[in-house]
Amino acid sequence: MAQTKIADVRAKSPDELQEMLVNLRKEQFNLRFQRATGQLEATGRIKQVRRDIARAKTIMAERTRAGKQA
């Protein structure tokens, strides 16, 4: 799975962002578990998932701040 583009993340609704964040956190947990047991083959995927989580959280924070300023 490729890295998520920021434009794709910005296009999502708040509910979709929340669902995306939950799914990414589950994937992150599974990847960490695989790494701990020595079954992880795509080690770069951990970095991609971490950055996708950061993207989603950043967009959510931006929207929260924009809502409070309005």
Side-chain angles (χ1 to χ4, degrees):
M1 190 170 161
Q3 189 171 347
T4 307
K5 302 283 185 184
I6 194 69
D8 297 337
V9 178
R10 287 188 192 278
K12 293 184 183 283
S13 71
D15 290 336
E16 290 174 328
L17 275 175
Q18 191 64 36
E19 182 180 338
M20 176 184 169
L21 191 58
V22 168
N23 291 336
L24 285 169
R25 288 199 182 271
K26 285 179 185 177
E27 183 177 357
Q28 183 183 37
F29 174 79
N30 289 332
L31 289 170
R32 284 194 334 243
F33 194 86
Q34 287 176 10
R35 182 176 61 185
T37 59
Q39 297 175 348
L40 183 63
E41 293 181 15
T43 57
R45 184 69 185 136
I46 293 173
K47 184 176 179 179
Q48 287 178 343
V49 169
R50 269 194 4 245
R51 290 186 176 190
D52 286 346
I53 289 171
R55 279 186 187 88
K57 290 178 75 173
T58 299
I59 299 304
M60 291 170 74
E62 285 177 357
R63 290 181 181 175
T64 301
R65 275 181 274 153
K68 288 182 180 178
Q69 291 176 358

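Residue numbers count from 1 along this sequence. All values derive from a computational prediction rather than experimental measurement.
- Atom CD of residue Glu16 and atom CG of residue Leu21 lie 13.5 Å apart, to the nearest 0.5 angstrom.
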>> Would Lys5 and Arg55 count as a side chain to side chain contact (heavy atoms under 4.5 Å, CB included) here? Give the steps.
In response: CA-CA 9 Å; Lys5 302 283 185 184; Arg55 279 186 187 88; over 6 Å; no
> Can you check side chain to side chain contact (heavy atoms under 4.5 Å, CB included) on Arg35 and Thr43, steps first, answer last?
Replying inline: CA-CA 8 Å; Arg35 182 176 61 185; Thr43 57; over 6 Å; no
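- Residues meeting the salt bridge (charged side-chain N to carboxylate O under 4.0 Å, His left out) test with Arg63, sequence neighbours left out: none.
- Using modelled atom types and a 3.5 Å distance limit, the side chains of Gln48 and Arg45 yield a donor-acceptor pair.
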> Can Phe29 and Lys26 be said to form a side chain to side chain contact (heavy atoms under 4.5 Å, CB included), step by step?
Replying inline: CA-CA 5 Å; Phe29 174 79; Lys26 285 179 185 177; 5.7 Å; no
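- In this structure, Ile59 CD1 and Arg10 CZ are separated by 3.5 Å, a value rounded to the nearest 0.5 Å.
- For the side chain to side chain contact (heavy atoms under 4.5 Å, CB included) criterion with Ile53, the lone passing option out of Gln28, Glu27, Met20 is Gln28.
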>> If you apply the rule side chain to side chain contact (heavy atoms under 4.5 Å, CB included), what do you find for Val9 with Thr58, and how did you get there?
In response: CA-CA 10 Å; Val9 178; Thr58 299; over 6 Å; no
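- Under the rule for a salt bridge (charged side-chain N to carboxylate O under 4.0 Å, His left out), Glu19 has no partner lying at least two apart in sequence or in another chain.
- Between the CG atom of Asn30 and the CD atom of Gln39 there is a distance of 11.0 Å, given to the nearest 0.5 Å.
- Considering only residues two or more places apart in sequence or on other chains, Gln34 meets the side-chain hydrogen bond (donor to acceptor under 3.5 Å, both in side chains) condition with none of them.
- At a threshold of 4.5 Å between side-chain heavy atoms, the hydrophobic network of Ile, Leu, Val, Met, Phe, Trp and Tyr places Leu24 and Ile6 in one connected group.
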